[in-house]
Protein chains: 2
Amino acid sequence: MLNNSHYIDKLRSSGLRPTKQRIKICEILFNTEKTFHFTINDLVKKISKATNDKISLATVYNTVHAFKKKGYLKEIPINSDQSYFDTNTSHHHHFYDENQKDLIDIDDADVEPVKINTRIPGKKIKSVEVLVKVEDTE
Amino acid sequence: MLNNSHYIDKLRSSGLRPTKQRIKICEILFNTEKTFHFTINDLVKKISKATNDKISLATVYNTVHAFKKKGYLKEIPINSDQSYFDTNTSHHHHFYDENQKDLIDIDDADVEPVKINTRIPGKKIKSVEVLVKVEDTE
DNA sequence: TTCTACATTATAATAGTTCTAAACTGTTGA
DNA sequence: TCAACAGTTTAGAACTATTATAATGTAGAA
Ligand SMILES: [Mn+2]
Ligand SMILES: [Mn+2]
Ligand SMILES: [Zn+2]
Ligand SMILES: [Zn+2]
């Protein structure tokens, strides 16, 4: 609501026009001290709670993809019927709670550097991510 | 074709009736020294190459899910529009080639043990998997 | 203000997956 | 041996996340 100029600058500097839909989505995604994980469906719900103006589903998809492309969001590889996104773009890892179907960050400092002693010729490493699946003890 | 009794025993001992469709799918998935990764679509193609009798798509899905449940297949977490399965059920890791959209095994021995220095109370670790995304150097 | 490229939108299309319900088959035990 | 039943297969419909389409709207430059 208030200090949108930050988002306007951010969008403009990355070649995205600061439309009111994109600014609203920035507010929802980045106007918080805590980062979080979400699906498109989660985001749509957050938007409808936060505003009276509707944002079309197509725009939500377009915007999330544009932000991902610019590095403002990461997509988390979870096998699921829908994509998970992450507002935490720093290098980190995840617990996936199979009971709650919930992603939880693992700080990079809490994982010893992953050493891979093999390479693929002609390919360079883009990312190394650890997924720790957990379930209830019982 | 020949030694199906092994698959018949395997199916029967896990409570699955050894139907001809399941035996055929066993032959395709497990009758090879090398393990491999596949999508449902890949498997459907392999089946139609290997046999004249059609197996319905619903049965392919049913069978793959049944085998996964019994631990004869693993599902690999990749963000993709389709699920990837693995006939290698041992503990190992993966390269994912983003250009070829191809999974490549990383032997467990080629990855230094991943140490996670944090836990979630009330949860136990089910698996720890490393996904290394790679792309063409250029 | 006018122009234009970019963005939004409703809606249709696509595609992987799951569901349905009818037909079929493997197994059991009388 | 064979009926009976539960498990399985099947074609096709339904579902759902995502992407494409194409018409309308708008931000920013000139
Ligand atoms: Mn899945
Ligand atoms: Mn995806
Ligand atoms: Zn995260
Ligand atoms: Zn593998």
- Query: Which whole-number value in Å describes the distance from Ile25(B) CD1 to dT10(D) P?
  - Reply: 9 Å
- For atom CG of Leu57(B) and atom P of dT17(C), their distance in whole Å: 9 Å
- Query: Given atom CD of Glu75(B) and atom C1' of dG16(C), what is their separation to the nearest angstrom?
  - Reply: 12 Å
- Min side-chain heavy-atom separation Asp107(A)-His92(A) under 4.5 Å: no
- Task: Could you tell me whether the phosphate oxygens of dT9(C), OP1 or OP2, come under 4.0 Å of any side-chain nitrogen or oxygen in Gln21(A)?
- Result: yes
- Nearest whole angstrom, please: distance from the P of dC6(C) to the CD1 of Ile23(A). 19 Å
- 5'-most contact on DNA chain C (nearest-nucleotide basis), Thr19(B) vs Ile40(B), goes to Ile40(B)
- Rounded to the nearest 0.5 Å, what's the gap from CD1 on Ile120(A) to CD1 on Ile125(A)? Could you check? 8.5 Å
- Task: Kindly say if Thr59(A) contacts the phosphate of dT9(C), meaning a side-chain N or O under 4.0 Å from OP1 or OP2.
- Result: yes
- N/O (side chain, Arg17(A)) to phosphate O (OP1/OP2, dT8(C)) under 4.0 Å: no
- Message: Looking at His65(A), I'd like to know whether one of its side-chain N or O atoms comes within less than 4.0 Å of OP1 or OP2 on dT19(D).
- Response: yes
- Query: Reckon Tyr61(B) has a side-chain N or O less than 4.0 Å from the OP1 or OP2 of dT17(C)?
  - Reply: yes
- Rounded to the nearest Å, what distance is computed from the NZ atom of residue Lys20(B) to the C1' atom of nucleotide dT8(D)? 11 Å
- Query: Just how far, in rounded Å, is C1' of dT9(C) from CZ of Arg22(A)?
  - Reply: 14 Å
- Atom CG of Asp53(B) to atom P of dA11(D): distance rounded to whole Å? 12 Å
- Task: Could you tell me the separation between the CZ atom of Phe67(B) and the P atom of dT8(D), rounded to a whole number of Å?
- Result: 11 Å
- Task: Ignoring the backbone of Ala58(B), work out which of dT8(D), dT9(C), dG12(D) is nearest its side chain.
- Result: dG12(D)
- With under 30° as parallel and over 60° as perpendicular, where do the rings of His65(B) and Tyr61(B) fit, or are they tilted in between? tilted
- Query: Using 30° and 60° as the class limits, which term best fits the ring planes of His37(A) and His94(A): parallel, tilted or perpendicular?
  - Reply: perpendicular
- Message: Below the 4.0 Å mark, does dA17(D) have OP1 or OP2 next to a side-chain nitrogen or oxygen of Thr39(A)?
- Response: no
- Message: Would you call the rings of Tyr84(B) and Tyr96(B) parallel, tilted or perpendicular, taking 30° and 60° as the class edges?
- Response: perpendicular
- By nearest nucleotide on DNA chain C, pick out whichever of Pro18(B) and Asn41(B) is the more 5' one. Asn41(B)
